[in-house]
Amino acid sequence: MSADLIVLQTGHLWTRETFVVRRRQIQSLEVNFSVWMRPKHLAHLTVNVRHGNSKQAIELRYLPAEQVQALYAWYTH
């Protein structure tokens, strides 16, 4: 994270995607967690990014809750 940029990385099976996103392109953040994830301090984060005339949802799964809180604080300040 920097003041204006964030780097997000997702992975599915044997592939990895890396996204470099400017704060002004982020439309919203969604935080989700289940009853089973809370004791382990894990959460899912969905970052909705402006992509042309639509949006692109970047889903980050099973992140430590403190990282999710840090990302949310970065976005809101």
Side-chain angles (χ1 to χ4, degrees):
M1 282 189 289
S2 72
D4 189 43
L5 291 173
I6 190 167
V7 178
L8 307 170
Q9 186 176 42
T10 62
H12 302 284
L13 296 176
W14 292 283
T15 62
R16 293 234 184 263
E17 287 184 281
T18 303
F19 301 92
V20 178
V21 181
R22 289 194 171 114
R23 183 188 302 204
R24 68 175 184 244
Q25 290 179 312
I26 298 175
Q27 291 182 327
S28 66
L29 295 179
E30 248 178 83
V31 179
N32 297 308
F33 51 88
S34 70
V35 177
W36 296 276
M37 292 170 65
R38 187 171 284 197
K40 296 180 181 182
H41 305 288
L42 297 174
H44 298 316
L45 178 70
T46 303
V47 181
N48 294 308
V49 179
R50 196 174 325 139
H51 187 71
N53 289 333
S54 61
K55 70 172 176 107
Q56 178 179 12
I58 303 170
E59 187 175 348
L60 306 165
R61 299 173 52 96
Y62 301 105
L63 291 175
E66 56 213 28
Q67 269 189 333
V68 173
Q69 290 172 349
L71 288 169
Y72 192 78
W74 171 83
Y75 177 67
T76 56
H77 290 111

Indicate yes or no: at least one non-hydrogen side-chain atom of Tyr75 is less than 4.5 angstrom from one of Ile6.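 Answer no - side chains too far apart.
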| request: Using a 4.5 Å cut-off on heavy atoms from C-beta on, say whether the side chain of Ile58 contacts that of Val21. | output: yes
Measuring from [X]:[atom1] to [Y]:[atom2], what's the distance to the nearest 0.5 Å?
{"X": "Gln69", "Y": "Leu45", "atom1": "CD", "atom2": "CG", "value": "11.5 Å"}
{"X": "Arg50", "Y": "Ile26", "atom1": "CZ", "atom2": "CD1", "value": "10.0 Å"}
{"X": "Gln25", "Y": "Lys55", "atom1": "CD", "atom2": "NZ", "value": "15.0 Å"}
{"X": "Leu8", "Y": "Glu59", "atom1": "CG", "atom2": "CD", "value": "12.5 Å"}
{"X": "Leu5", "Y": "Trp74", "atom1": "CG", "atom2": "CH2", "value": "7.5 Å"}
{"X": "Arg61", "Y": "Met37", "atom1": "CZ", "atom2": "CE", "value": "7.5 Å"}

Please determine whether the number of non-hydrogen atoms from other residues, nucleotides or ligands lying under 6.0 Å from atom OH of Tyr72 exceeds 12.
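Atom OH in Tyr72 is not crowded, with 12 or fewer foreign heavy atoms closer than 6.0 Å.
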Flag yes if more than 12 heavy atoms outside Arg23 fall under 6.0 Å of its CZ atom; otherwise flag no.
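Yes, the 6.0 Å shell around CZ holds more than 12 heavy atoms from other groups.
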Quiz item: How about Tyr62 and His44: are their ring centres within less than 6.0 Å of each other?
Solution: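 Distance test on ring centres: under 6.0 Å, yes.
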- Message: With side-chain contact (heavy atoms from CB on, under 4.5 Å) as the criterion, how do Gln9 and Arg16 come out once you've worked through the C-alpha distance, each side chain's angles and the decisive distance to 0.1 Å?
- Response: CA-CA 7 Å; Gln9 186 176 42; Arg16 293 234 184 263; 3.4 Å; yes
